[in-house]
Amino acid sequence: MWTLEQAWTPRQDPVLANTPFTLIATLGATWLIVAWLVSAEWLPTSALWIAALTATHGGLLAVALAWGAADGGVRLPARAALVTIALIGAGVTAATLDERAAITLVAAPAWLAILAFRGHLVGLGLGPGVPLRPVVVGGAIGVLLGGHLLFSASQTLGYPPRGGGWPPLLVLWAYDVGARGISAECFFRGALFNRLQRRWSFSAAAALATALAVVRYLVDPFLPGQVEVMVGALFYLTILGAVDCWLLWWSGSLVPGLLASVLFFFAYRALAIG
């Protein structure tokens, strides 16, 4: 469907064109300053995690917005990237200070939904209209992968359901929806894969975008370090990444892949892993 709606034309400009390097460097410098202040015991350790998460997810979203605007030929509202980073930072800070405030993490995707509704994110595959059939397929794939994970991890590896009631789960789900999931899908699929598949074949673009997304997860300090967990993450994230690339290519929308990822990570968070 994507190729029928939007003809494939090779791009001559560099893959990294329109990247906001100054903003990314500023985020990195801020993280380094916070790390130094924490090491000097002038700030609590939680400040380091807040800075790291804000820089990581805010940076990925900032690049995705810049690339999406350039590729879609749409001008973003002034300071749209800064607003996005600020919302990520505020949500992470609130969730760190009080887990009941984790709901504030949904402010960032809500802001992106407003931009999408106004037609500013068509270059990312986030337009005002969403095709129903691919959304249903994406949801079904997310449920199937999540269900397979729940069965294999609990029955084969012996991981029990996560205890502690709903609050810890809601915090993790809010983080997945409001920061991790939206930044990963917007950057690795909506921005990176979308750029690469206009220069290379679908297979090459999907392979590189998926590989980089998997590396991003494997170096995540929040991922448990057990060997079986790392192997499982490599297996499931590779399948999920390739499927999400296909869903975007097929439908022209990022929403089906977002739904598949959110449902899969809902299942993952339900297990007491790490």
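Since the structure is predicted, the reported quantities are computational estimates derived from the model, not experimental observations.
A 4.5 Å side-chain heavy-atom check between C186 and L60 finds every atom pair outside the cut-off. A heavy-atom distance below 4.5 Å is not found between the side chains of F187 and F193. Side-chain contact between L248 and E185: absent, with no pair of heavy atoms (C-beta onward) separated by less than 4.5 Å.
Here the shortest heavy-atom pairing between L112 and L65 reads CD2-CD2, 4.0 Å. The minimum heavy-atom distance between L23 and A62, with the atom names listed, is CD2-CB, 3.7 Å.
Classified by interplanar angle (parallel below 30°, tilted 30° to 60°, perpendicular above 60°), the ring pair F265/Y268 is perpendicular. Ring orientation note: the planes of F266 and W173 are tilted relative to one another, at an angle of 30° to 60°. Note: Y175 and H57 have perpendicular aromatic rings, judged against thresholds of 30 and 60 degrees for the angle between ring planes.
The closest donor-acceptor contact from the side chain of T19 to the backbone of L16 lies under 3.5 Å. Listed for the S152 side chain is a donor-acceptor partner under 3.5 Å among the backbone atoms of L149.
Y236 has its ring centre no less than 6.0 Å from the ring centre of Y217.
The CD1 atom of I182 sits 12.5 Å away from atom CG of L105, with the distance rounded to the nearest 0.5 Å. Atoms CD1 and OG, on I88 and S183 in that order, are 6.5 Å from each other to the nearest 0.5 Å.
There is a side-chain donor-acceptor pair under 3.5 Å between W111 and T84.
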